[in-house]
There are 4 protein chains.
Amino acid sequence: MTSAAKRKPSAATGLQHVPQARAAKPTRRAGRQRDETAQRAILRAASEVLEEKGMAGFTIEAVAARAGAGKTTIYRWWPSKGALAMAGFLSETAPKISYANGRSALANLTHQLRRVGSVYGGASGRVLSAIIAEGQRDPATITAFVEGYAKPRRAEAKKILLAGIERGELRPDIDLEVALDALYGPIYYRMLVPVGPLDEHWAEALAAHVLNGLKKQPTAT
Amino acid sequence: MTSAAKRKPSAATGLQHVPQARAAKPTRRAGRQRDETAQRAILRAASEVLEEKGMAGFTIEAVAARAGAGKTTIYRWWPSKGALAMAGFLSETAPKISYANGRSALANLTHQLRRVGSVYGGASGRVLSAIIAEGQRDPATITAFVEGYAKPRRAEAKKILLAGIERGELRPDIDLEVALDALYGPIYYRMLVPVGPLDEHWAEALAAHVLNGLKKQPTAT
Amino acid sequence: MTSAAKRKPSAATGLQHVPQARAAKPTRRAGRQRDETAQRAILRAASEVLEEKGMAGFTIEAVAARAGAGKTTIYRWWPSKGALAMAGFLSETAPKISYANGRSALANLTHQLRRVGSVYGGASGRVLSAIIAEGQRDPATITAFVEGYAKPRRAEAKKILLAGIERGELRPDIDLEVALDALYGPIYYRMLVPVGPLDEHWAEALAAHVLNGLKKQPTAT
Amino acid sequence: MTSAAKRKPSAATGLQHVPQARAAKPTRRAGRQRDETAQRAILRAASEVLEEKGMAGFTIEAVAARAGAGKTTIYRWWPSKGALAMAGFLSETAPKISYANGRSALANLTHQLRRVGSVYGGASGRVLSAIIAEGQRDPATITAFVEGYAKPRRAEAKKILLAGIERGELRPDIDLEVALDALYGPIYYRMLVPVGPLDEHWAEALAAHVLNGLKKQPTAT
DNA sequence: ATGTAAACGAGACGGTACGTCCAGTCTTGAA
DNA sequence: TTCAAGACTGGACGTACCGTCTCGTTTACAT
């Protein structure tokens, strides 16, 4: 028996938390089926350990112990610590960070920035920071984060920007990618580098300053 | 073992790379003097290991081996891995990242952002990323980074912003701290989270978008 | 889970390699019938793995893989690694080690020792060594070996000794058990502790030296 | 730093328990010196664990825990479980098994066999069995046992046999190696394969039966 | 000139966590 | 009811570094 890569789900990113539709009926493979209970316990444990102990205490052994699982089970489904952290974050924490969909694009963005600032300034931010930190030593982790979390959310935000341009709220010549960096980059920055508080108040000010450069007729105050 | 804390230089931050003037003559204590050669070799080795192997390969043992030093010597002068990385960065890498001082504040800031974007996109960025990552698990490290690097540089940048306001180039009602976050946050973001390239071209676009919101009479184009 | 001990054949020794006649027709139980093919494949695989990889490579998983069987099937029929090794040995290797039945007891014993020495010095010896080694950590295994292999063979050899005494070839006052130890012990010793070769030549010398003490009128040379 | 074999003492056998005379004075190597206390604690723990728990419970982790040592320290000095067991046996148990030196060779051998039978039938025998068992899966272990224990003792016994021949007590044409196998093989056999008791009484009977074949003028009784 | 005290290299030490291998158990779907 | 497949908990493996601790040597001040 030599085939090394034994069908790990989504080996590239190690995300695998979406059961990818369970191909119709027929090809149900032999052998004991994957125990969803164990998976959930592991993901929950991962999130909890990360929130409580931080990156330093986030060891595979700690997660396994808390989940009442064997280390083997973890390694069977997630290729690395980072992948596990990501999966835990995506299944436990990420759902709490939803998008708003108010009326005006400007109001939308302001509201969204305020929310994100508030959430990232709390426990979720600590989980996120840990993942990004781990990503600096393990490329797979940062890739998983970018592809599995960052990019989808940027796509979402991009829609709001486009809507704003269409309605004439925002300048039509803005570079969307750059605009996204300008809006969200500072939040990550404050989350990772505590040069000052990361809260709703600050986020609102940030929104005001940056959006001012993106608006069609910026107020000269 | 008598006095536990045996006079580690600047224990709070673990920076200690500036020999702090060696108070006059008198208190020169007995015993062998600190070997500056060894210190330099260690700092250089730290930087090199960080650049070459990344965070994953940055172990005290690796640095000691490359520097031809004993682990003891490292622990004698730096309290932790993060502190060592910081010191290495400050003595080897940071000096390369200088400030410009052109004429107009806008030109100044644009030029500066372009330079920083370019430098942080390279090997120096990898060192910096590693430090920030390490800082997520060791509070002393991130503190050392904020106090020893980030804040001084923010102060420097703040001067340029103030000069811009005085000269009427920038709006007088901007929140300086928020403006700094808006300008530099995105660079750190792209450095740590590769959602896209981090180079001069992107940095210039960023400068344009953000400064547009800070200018006195923004072009409506 | 109802009845724990689910009718494992001969649980005490775990031997079970003789299918014990399958009681005629009537009590033919419901459900899929036991697959004799699988059993044979497992035993053969056990023997082969033991011969080729030695004790170190003799894992239940390796045997299952080579036999194309599930681990469950092995555990259903044999209680432990040692029992499996024993069963494999008894069904594959032991049959090759037959008894001679020449004329004179002395010639008989000499011939027999030479054969045993030769066989135990080869691949079969490696299997046997592994079983005895495993027996040191698992009492059930050594018991199975003693009861299922050693004692029956000793009984066989004892008959030859008794015949020798009756015919006046051997001294009548010898302790049969001790005599058996003296004759066969050294072979096991050399098999397990390589202080020297284990071959026919050595076995013949051994026979000469030991039988000399058991003969009625030992030659003074 | 790549040199793999970092000067493990007597890597071939892994014995290393004799400090090999500490080459005169000069070449005392740099670095902290080996902690004899730790070594002794480890060897003692190894012996104890082996006696109490048997081979099954003899894990490196158990020994380390009992000795209050780190696993690293064990691996630094002994290449394998078997080597550790051997070293423990040689330093703790073996010294208790001394040689007699009475007058007649026959009396000497009888006495010696009785002693060895008695000792190997007890706790020491269990240690020894475990080592030989481990030796079946790890060639280095059995080699260490043969070279470090078995052969030296055989050499000792050989001297007694030779003395017996010189004094005319034993037949001059006996093959010494074979005679040793005949005398001691059965003891190892009974130690490893419990076909019957291993005690002084049995050992005496064994001595009588085997020596009868080696004596110059064997009694016909 | 001779202590004496600190700094240095080397490297052994008790530990923690790693990622892997098997053991032995349990579950599923097919035969 | 048995079988192959294979997921599960769990324990030990051997390795890599951690941060601490001697060692024996080197250096330079203080006597």
Side-chain angles (χ1 to χ4, degrees), chain A residues 6-7 28-39 57-62 64-65 67-77 79-81, chain B residues 1 6-7 28-35 37-39 58-62 64-65 67-77 79-81, chain C residues 1 6-7 29-35 37-39 58-62 64-65 67-77 79-81, chain D residues 6-7 28-35 37-39 57-62 64-65 67-77 79-81:
Chain A
K6 293 189 68 167
R7 193 191 52 87
R28 194 113 144 93
R29 285 168 15 275
R32 177 174 177 177
Q33 247 42 43
R34 180 170 167 186
D35 181 348
E36 299 293 346
T37 305
Q39 314 299 315
F58 183 69
T59 63
I60 297 281
E61 299 201 333
K71 282 200 291 176
T72 317
T73 305
I74 295 181
Y75 282 110
R76 181 161 22 242
W77 300 109
S80 70
K81 223 156 76 150
Chain B
M1 188 69 50
K6 293 188 71 168
R7 192 192 53 88
R28 192 116 146 101
R29 283 157 19 273
R32 176 172 177 178
Q33 245 42 42
R34 181 172 165 185
D35 182 350
T37 307
Q39 315 299 313
F58 183 67
T59 66
I60 297 282
E61 297 201 336
K71 283 201 291 176
T72 320
T73 306
I74 294 180
Y75 281 110
R76 181 158 23 238
W77 300 109
S80 70
K81 220 157 78 153
Chain C
M1 186 69 49
K6 294 187 70 166
R7 192 188 52 88
R29 283 160 17 273
R32 176 173 176 174
Q33 243 41 41
R34 179 171 167 186
D35 182 349
T37 307
Q39 316 298 314
F58 182 68
T59 65
I60 296 282
E61 297 199 336
K71 283 202 292 177
T72 320
T73 306
I74 294 181
Y75 281 110
R76 183 162 16 242
W77 301 110
S80 71
K81 222 159 74 152
Chain D
K6 293 188 69 169
R7 194 193 51 86
R28 193 114 144 91
R29 284 167 19 272
R32 177 173 176 177
Q33 246 42 43
R34 181 171 166 185
D35 182 348
T37 304
Q39 315 298 316
F58 183 70
T59 63
I60 297 280
E61 297 200 335
K71 282 200 291 176
T72 317
T73 305
I74 294 181
Y75 283 110
R76 185 164 14 244
W77 299 110
S80 69
K81 225 157 74 150

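Just so it is clear: chains get the letters A, B, ... in the order the sequence lines come, proteins before strands, and each one is counted from 1.
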Query raised in the report: Is the distance from OP1 or OP2 of F:dC29 to the nearest side-chain N or O of B:Arg32 less than 4.0 Å?
Result: no
Report summary line: Note: for A:Thr73 and C:Gly70 on DNA chain F, the residue whose nearest nucleotide lies more 5' is C:Gly70
Query raised in the report: Across the strands shown, which category fits B:Ala69 at heavy-atom distances under 4.0 angstrom: base, sugar-phosphate, nothing?
Result: sugar-phosphate
Requested in this report: To the nearest 0.5 angstrom, please state how far the OG1 atom of D:Thr59 sits from the NZ atom of D:Lys71.
Outcome: 9.0 Å
Report summary line: Between A:Asp35 and A:Thr37 the two heavy atoms that sit nearest each other are OD1-N, 2.9 Å
Report summary line: Nearest heavy-atom approach of C:Lys81 to C:Phe58 is NZ-O, 3.5 Å
Report task. Look at the side chain of A:Ala38 and decide which nucleotide, out of E:dT28, F:dA28, F:dC8, has an atom nearest to it. Result -> F:dC8
Query - For the student: nearest non-hydrogen atoms of B:Ala64 and B:Gly70, plus distance - result: CB-C, 4.3 Å
Requested in this report: Measure from CD on D:Gln33 to C1' on E:dC13 and round the result to the nearest Å.
Outcome: 13 Å
Report task. Would you indicate, yes or no, if E:dC13 has its OP1 or OP2 atom less than 4.0 angstrom from a side-chain nitrogen or oxygen of D:Trp77? Result -> yes
Query raised in the report: Is any side-chain N or O of D:Gln39 closer than 4.0 Å to OP1 or OP2 of E:dC13?
Result: yes
**Report entry** Length of the CD1-P vector between C:Ile74 and F:dA5, whole Å
**Finding:** 12 Å
Please write out the pairs of protein N or O atoms and N or O atoms of nucleotides 20-22 of chain E separated by less than 3.5 Å, giving the distance to one decimal.
from	atom 1	to	atom 2	distance (Å)
E:dC21	N4	A:Thr72	OG1	3.4

Query raised in the report: What is the minimum heavy-atom distance between D:Ala62 and D:Gly57, and which atoms define it?
Result: CB-O, 3.8 Å
**Report entry** OP1 or OP2 of E:dA6 under 4.0 Å from side-chain N/O of B:Arg34
**Finding:** no
